[in-house]
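First the structure, in the form of structure tokens, and then the observations on it.
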Amino acid sequence: MKMTYKFIPKKIIKITKRLLAGGLALATAGVFCLLAGNIYVKRSSMNRIFADNEKPEIPQIDCILILGCGLRPDGEPTQMLKDRLDMGIALYQSGMAPKILVSGDHGRIQYDEVNRMKQYAMDAGVPSQDIFMDHAGFSTYESMYRARDVFQVKRAIVVTQEYHLYRALYDGKQLGLEVWGVPAKKIRYGGQKRRDVREVLARNKDILYCLFQPEPKYLGEAIPVSGNGDLTND
């Protein structure tokens with residue numbers, strides 16, 4: 001049976017069409033802004049990313065900053081995190097920087113990324129006093145903010161996967177750090193498409209964070225990365 005709209009006032013039909021057109025225009029504008037923000041963050045950082053075999057000549061680097069990304073249920077680092085750690089340790093051992101700063105989530109007693117990251121580096125031969133732990137690196141933005149304010153970092157090489165490195169370097173640069181990036185080993189991890197989509201949203205979120213620069217959840221007293229990393233032990 002053919003539907004008719006003879007009982008619906010023409011004015012309501014006209015208003016409905018306008019609302020639908022307006023909603024479509026807003027949705028289109030929203031998608032455009034997300035894509036524009038994504039491109040802006042990537043382009044602002046891409047010239048500061050180096051392959052591990054390039055070994056750029058950057059003097060007076062304070063530390064290698066390795067960003068956390070999760071532990072397995074048994075407490076071991078995920079494969080993504082192992083790849084970050086392996087690259088960061090290799091850079092340290094090649095003399096790129098005198099210290100390593102591992103930043104991750106230790107917001108609960110039963111979940112401790114940073115101590116596990118430090119132990120992994122120590123097992124690879126890095127001295128304990130050369131490894132600093134940021135126990136409150138709950139987000140990329142907070143890791144960069146705390147690197148600057150708590151650990152007194154001015155120049156750092158950041159290690160994470162390439163898709164994440166653009167945002168990390170953007171955040172660091174906007175917060176006044178001199179940062180360069182070396183991506184972890186390039187492999188395709190399970191669920192990467194989901195991460196890529198989420199990263200587009202995260203890049204746009206961090207544009208706002210860097211614009212207003214809210215303080216992280218925790219700050220605390222300064223622990224200069226030039227000192228002894230054992231001061232961050234718990």
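- Taking all atoms of both residues into account, the shortest heavy-atom contact from Ala136 to Tyr218 is CB-CD1, 4.0 Å.
- For the residue pair Asn115 / Asp234, a side-chain donor-acceptor distance below 3.5 Å is found, with atom types taken as modelled.
- Put simply, the side chain of Lys99 gets close to the backbone of Gly227: a donor and an acceptor are under 3.5 Å apart.
- Residues Thr78 and Cys69 are in side-chain contact: their nearest non-hydrogen atoms beyond the backbone lie under 4.5 Å apart.
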task = Go through Val41 and Asp206 one step at a time and tell me if the side chain to side chain contact (heavy atoms under 4.5 Å, CB included) criterion holds.
result = CA-CA 9 Å; Val41 170; Asp206 279 16; over 6 Å; no

key: Pair Val225-Gln152, side chain to side chain contact (heavy atoms under 4.5 Å, CB included): steps then yes or no   = CA-CA 6 Å; Val225 77; Gln152 307 290 289; over 6 Å; no

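- Side-chain contact check for Ser128 versus Asn233: some heavy-atom pair is nearer than 4.5 Å.
- Side chains of Lys42 and Arg203 form a contact here, defined as non-hydrogen atoms less than 4.5 Å apart.
- Across every non-hydrogen atom of Arg108 and Asp105, the tightest pair is NH2-OD2, 4.3 Å.
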key: Leu219 and Val150: CA distance, side-chain angles, deciding distance, side chain to side chain contact (heavy atoms under 4.5 Å, CB included) verdict   = CA-CA 7 Å; Leu219 276 176; Val150 175; 4.1 Å; yes

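- Distance CD/Gln192 to CD1/Ile187: 9.5 Å, rounded to 0.5 Å.
- Ile100 is not listed as a side-chain neighbour of Phe132, based on a closest heavy-atom distance of 4.5 Å or more.
- Residues Leu71 and Tyr111 are in side-chain contact: their nearest non-hydrogen atoms beyond the backbone lie under 4.5 Å apart.
- We find the CZ-NE2 distance between Arg146 and His135 to be 9.0 Å, quoted to the nearest 0.5 Å.
- Scanning both residues, Gly37 and Asn204, for their nearest heavy atoms gives CA-OD1, 3.5 Å.
- In this structure, Arg188 and Lys193 have side chains that are in contact, with non-hydrogen atoms separated by less than 4.5 Å.
- Judged purely by atom type and a 3.5 angstrom limit, Asp62 uses its side chain to pair as donor or acceptor with the backbone of Lys154.
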request  = Take Ile207 and Tyr170, measure what side chain to side chain contact (heavy atoms under 4.5 Å, CB included) needs, and give me the verdict at the end.
outcome  = CA-CA 9 Å; Ile207 289 174; Tyr170 173 82; 3.9 Å; yes

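- More than 12 heavy-atom neighbours from other residues, nucleotides or ligands sit within 6.0 angstrom of CZ on Arg72.
- Counted by atom type alone, Arg116 and Gln119 present zero donor-acceptor pairs between their side chains at under 3.5 Å.
- Within the 4.5 Å cutoff, the side chain of Thr232 has heavy atoms near those of the Phe151 side chain.
- In this structure, the separation between CE on Met133 and CD on Glu113 is 12.5 Å, given to the nearest 0.5 Å.
- A cation-pi arrangement is found for Lys205 relative to Tyr209, the charged atom lying closer than 6.0 Å to the ring centre and inside a 45° cone about the ring normal.
- Remark: Arg148 qualifies as a cation-pi partner of Tyr145 under the 6.0 Å distance and 45° angle criteria applied to the six-membered ring.
- Taken to the nearest 0.5 Å, the CG atom of Leu67 stands 10.0 Å off from the CG atom of Leu81.
- Of all heavy-atom pairs between Lys173 and Val179, the closest is N-CG2, 3.9 Å.
- Taking CG from Leu85 and OH from Tyr120, the interatomic distance works out to 6.5 Å, rounded to the nearest 0.5 Å.
- Annotation: the span from Glu221 atom CD to Asp149 atom CG amounts to 14.0 Å, rounded to 0.5 Å.
- Taking hydrophobic clusters as Ile, Leu, Val, Met, Phe, Trp and Tyr residues chained together by side-chain heavy-atom distances below 4.5 Å, Ile61 shares a cluster with Tyr92.
- Within a 6.0 Å sphere centred on OH of Tyr189, other residues, nucleotides and ligands contribute more than 12 heavy atoms.
- In terms of hydrophobic clustering, with Ile, Leu, Val, Met, Phe, Trp and Tyr side chains grouped at heavy-atom distances under 4.5 Å, Ile66 and Tyr163 are assigned to different clusters.
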task = Walk me through it: do Asp230 and Lys118 pass the test salt bridge (Lys or Arg N to Asp or Glu O under 4.0 Å)?
result = CA-CA 10 Å; Asp230 288 339; Lys118 177 165 183 171; 3.3 Å; yes

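- Of all heavy-atom pairs spanning Ser143 and Ser103, the tightest one is OG-OG, 2.7 Å.
- For the pair Cys63 and Val153, the tightest heavy-atom approach, listed with the atom from each and the gap, is SG-CG2, 3.9 Å.
- The hydrophobic cluster containing Val158 also contains Leu101, counting ILVMFWY residues as joined when their side-chain heavy atoms lie under 4.5 angstrom apart, directly or transitively.
- Remark: of the listed residues Gln161, Arg167, His164, Arg167 is the sole one forming a side-chain hydrogen bond (donor to acceptor under 3.5 Å, both in side chains) with Glu199.
- Residues Met96 and Ile64 form a side-chain contact, since some pair of their non-hydrogen atoms from C-beta on lies under 4.5 Å apart.
- A side-chain donor-acceptor contact under 3.5 Å links Glu142 to the backbone of Lys217.
- Each of Val200 and Tyr40 belongs to its own hydrophobic cluster when Ile, Leu, Val, Met, Phe, Trp and Tyr are linked at side-chain heavy-atom distances under 4.5 angstrom.
- For Thr140 and Asp171, the side-chain atoms include no donor-acceptor pair closer than 3.5 Å.
- Both Met46 and Met144 sit in one connected hydrophobic cluster of ILVMFWY residues. Membership requires side-chain heavy atoms under 4.5 Å apart, directly or through other members.
- Around CD of Gln110, the count of heavy atoms belonging to other residues, nucleotides or ligands within 6.0 Å exceeds 12.
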